[in-house]
Undergrad: 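Below is a structure I'd like to ask you about.
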Amino acid sequence: MTSFQIFNSLVYQGWLSFRRAHYFQRSMSIKALMFFVAVVFLWYAYLLGMMLPSLLQQIFPDKEAHEAFFSIWLYAYAADLTMRLFLQKLPKQLIQSYLTLPVGKGTLAGYILARSWFSIYNLYLFALLIPFYKTALQYPLSGQAFWLAILGSTLLAGINHAIITWAKTWPFRVPAASLPVFLIALTALFGIVINPSLFMAFSEQVGKAFISGNIWVIIFPLAIIGLLQYMSHRGLCTSFYDWSGTTNATVNTGTSFPEQLFARVPVYGLFWQLEWRLITRNKRSKGGLRQWPLVIIGLPLFFYFDPFDNASMYTYLLVMVAGGYGFFHLQYTFSWESRFFDMIASRQTDIHEFLRAKYYFYLALGLLQILPVLIILLFFRPDLAGLLTGLFLYVTGPVFAFLMHTGIGSSTRIDPNKRASFNFEGTSGTLFVVVFVSMFSVIILMGFAYLLPLATTTGLALLTGVSGLIFILLHKIWLNAIAKHFLRKKYHNLTKYRG
Amino acid sequence: MGFIHIDNIRKEYGKQFALTIEDIRIPEGTLTGIVGNNGAGKTTLLRLMLDLTEATRGNITIDSQPVAGNEHWKAFTGSYLDEGFLIDFLTPEEYIYFTGKLYGLQPEAIDERLKRFTRFMGDEILGQKKFIRNLSAGNKQKVGIVAAMVVEPRLLILDEPFNYLDPSSQILIKRLLQEEHEVRKTAMLISSHNLNHLTGICQRVILLEKGKIIKDLSPPHDDLDEVERYFALQAG
């Protein structure tokens, strides 16, 4: 086979791996819900893009919408770079299978780099930018300006992509990772601390240069992208050993502070220690946990710049963060430990105690995660801090009960060591639905809050807080019911865990 | 210079020593078994031979060319170490045809060659409309072995090929390996924990222990009971 034919085969197999991924092998309800989520996301982005010109003109009354946007777009791409630094991954999971076959490393590296471009991080901004450019450029200026702005945004996203790809493929990781960090720090230093107005003027000029068709602002980014991609290719070819699955990883076991702490907790300590090890020693759970510092920083920042100043607008989104990590984890109750649940089920383990330990653990973890956000919010948005407190109690109360109850219905094995941001392996359509039910259940409470003689946010905080507190206080009752339900399903689940 | 030449190779993982071999030459067409306890360095040696891990020092040559930084050996080497080598979202047929195509084989030729593996694969692999990821461990092992052998390589490298296989399949794979070696004079490197699997088929048995070669035997001239006695002694 020629390199070109091999490359085509790899592209086809990349498509197969996507189409045959676990979540596509699931029920129609999953597919329908994924489609629904995508439509909702696109609709929101479209609306925001359409509204952006008027919002920008409110903030910058002396500028045209596109000028105002261009004056801040370099900040946006710096934020995009920051996000990519933490979250964007290369599609490397397929490589080991090909390494001993007659496939050239250069071809493989080229394929990895090409495939990495089909990333959600390269596309998501366009959901907002296309309607914005249509409104702010195509109609007031010209179609050409619209397309040039799209080209400019593509190139800036391309630079970010190329920087991150290089940083994550170059064999010498420290200097490579320093480039994005340096660029982000530089933007923060000049754009926020030293001379924001000069930085904004520069940012605006870059945008204007794009829509005026200045050839240099097109050639320069293209050259940077080309250079970085070439270096990434070189880096990949020389660091294939890192990709071949040869590891002799050793871990520090049993010595971390939380583990020592849990060991001292009476009754539940052993289970807490197990739960902590489960979530910190598996890629998927660890990945989710690591995103929390971003939430702690990002959430207050978002509300600091919140253009709508209307907390109730975000309530159902806040449901997802208010309960901390447990919101994402408890919907898979038991599925996470499905690989060793035979052991738990055949030992002297009180399942009621096991469930209580799990619940207390995620209640405590949620509190630890949400507390810093609450403290920060108290300084500039006390109304939101109140709402978030109410939502914390609501999520750790009735929502956790709901998630755990439906979670025990999941009888499929989950592989916590497989990492994927949109991986519904081990879940049924029902479990996917519960997340949405949990989110939208707050809307009902919001309806009641409107009836109260209080501000909606305060009323909602009160309603969610009180209902949450009642559930938390009565946790032993509903946890016992869940345990009984699980014991009824035990044989069925254990058989299914065996795959 | 042998077909395979392992020259002064050493592998360390960080500060942990894994393997050291001063000089080993394996002529073309030799069926070589590698035995050893867990952690002896068998898989490390095979990974070094397939350029999947970087040697701390020394080098390995196959057909007079270094393995590291060179890909010529891939064109005539078939290998299967573990299920990480399978493309698990493909069906067994897709995987085997893909592998065959990479070695320049037409589908008809692959079909023809697959006939001799029919009994080994049984009726749970081909035509089942299952992805590899949904097969049992034993059937995954069979797919990997068949894909490595169907290309009729000059060099075949298999790590613990008898693992997960039922007794009948173990006997069948032993026969297939013997046949492959006799008919095509394929050079083979087969690792195993179990000496019994290698007895009778290997012309050479290398015993590894804690990263070092402690015996290099050529049955029937050398007595393999010596190796068994060694393991018994290790067990106390």
Side-chain angles (χ1 to χ4, degrees), chain A residues 1-3 5-25 91-109 111 171 237-251 412-413 415 417-418 420 425-426 498-499, chain B residues 11-18 39 43-44 46-55 67-91 94-95 97-105 131-137 144 147-148 151 153 157:
Chain A
M1 278 172 102
T2 63
S3 293
Q5 286 171 322
I6 291 171
F7 190 88
N8 279 345
S9 294
L10 292 171
V11 170
Y12 177 63
Q13 288 187 5
W15 163 245
L16 283 184
S17 76
F18 172 71
R19 199 162 56 85
R20 293 177 177 180
H22 283 282
Y23 45 83
F24 276 120
Q25 297 300 307
K92 66 177 180 181
Q93 71 277 11
L94 290 170
I95 297 314
Q96 191 186 358
S97 322
Y98 301 99
L99 286 176
T100 55
L101 298 172
V103 178
K105 283 180 180 170
T107 310
L108 269 178
Y111 165 69
C237 286
T238 54
S239 62
F240 258 95
Y241 295 114
D242 298 346
W243 298 61
S244 62
T246 307
T247 55
N248 191 40
T250 53
V251 289
T412 39
R413 182 195 283 265
D415 184 351
N417 217 24
K418 275 188 182 160
E425 181 204 9
R498 293 179 61 81
Chain B
K11 177 65 188 172
E12 289 164 7
Y13 293 108
K15 287 178 183 171
Q16 200 182 336
F17 157 76
T43 304
T44 302
L46 299 186
R47 293 187 76 88
L48 283 163
M49 297 194 63
L50 291 169
D51 194 30
L52 292 172
T53 190
E54 197 172 17
V67 169
N70 193 331
E71 294 180 318
H72 83 289
W73 55 272
K74 287 184 176 178
F76 56 81
T77 305
S79 60
Y80 180 70
L81 301 194
D82 56 45
E83 64 176 91
F85 288 75
L86 298 171
I87 304 173
D88 69 352
F89 57 84
L90 299 182
T91 63
E94 287 172 339
Y95 178 68
Y97 285 124
F98 172 69
T99 311
K101 266 174 85 178
L102 289 174
Y103 288 83
L105 294 175
F131 296 139
I132 291 173
R133 68 175 177 233
N134 296 328
L135 297 178
S136 67
V151 298
I157 297 179

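Bear in mind the structure is a predicted one, so any value in this text is a computation, not a measurement. A, B, ... follow the sequence lines: proteins, then strands. Residue 1 opens every chain.
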Undergrad: Using salt bridge (charged side-chain N to carboxylate O under 4.0 Å, His left out) as the criterion, list what pairs up with B:Lys101, not counting sequence neighbours.
TA: none

Undergrad: Is there side-chain contact between B:Leu52 and A:Thr100, with heavy atoms separated by less than 4.5 Å?
TA: yes

Undergrad: What part of B:Ile157 is in contact with chain A, defined as an atom under 4.5 angstrom from a non-hydrogen atom: side chain, backbone, both or neither?
TA: neither

Undergrad: Between atom OH of B:Tyr97 and atom OG of A:Ser9, what is the distance when rounded to the nearest 0.5 Å?
TA: 15.5 Å

Undergrad: Using a 4.5 Å cut-off on heavy atoms from C-beta on, say whether the side chain of A:Leu101 contacts that of B:Tyr103.
TA: yes

Undergrad: Looking at B:Leu81, B:Thr99, B:Leu90, which one has more heavy-atom pairs under 4.5 Å with chain A than the rest?
TA: B:Leu90

Undergrad: For B:Asp82, which atoms come within 4.5 Å of any heavy atom of chain A: side chain, backbone, both, or neither?
TA: side chain

Undergrad: Drop me the distance from B:Asp88's CG to A:Ser97's OG, to the nearest 0.5 angstrom.
TA: 7.5 Å

Undergrad: Looking at every heavy atom in both B:Leu102 and A:Pro102, which two are closest together, and how far apart are they?
TA: O-CG, 3.5 Å

Undergrad: Could you look at B:Glu83 and say if it's the side chain, the backbone, both or neither that has a heavy atom under 4.5 Å from chain A?
TA: neither

Undergrad: What part of B:Phe98 lies closer than 4.5 angstrom to a heavy atom of chain A: side chain, backbone, both or neither?
TA: side chain

Undergrad: Can you say whether A:Ile6 sits under 4.5 Å from chain B via the side chain, the backbone, both, or neither, judging by heavy atoms?
TA: side chain

Undergrad: Is there any salt bridge (charged side-chain N to carboxylate O under 4.0 Å, His left out) pair reaching into residues 67-80 of chain B, and which pairs are they, with sequence neighbours excluded?
TA: B:Glu71-B:Lys74

Undergrad: Under 4.5 Å, counting heavy-atom pairs only, tell me which of B:Ser79, B:Ala147, B:Gly84 racks up the most with chain A.
TA: B:Gly84

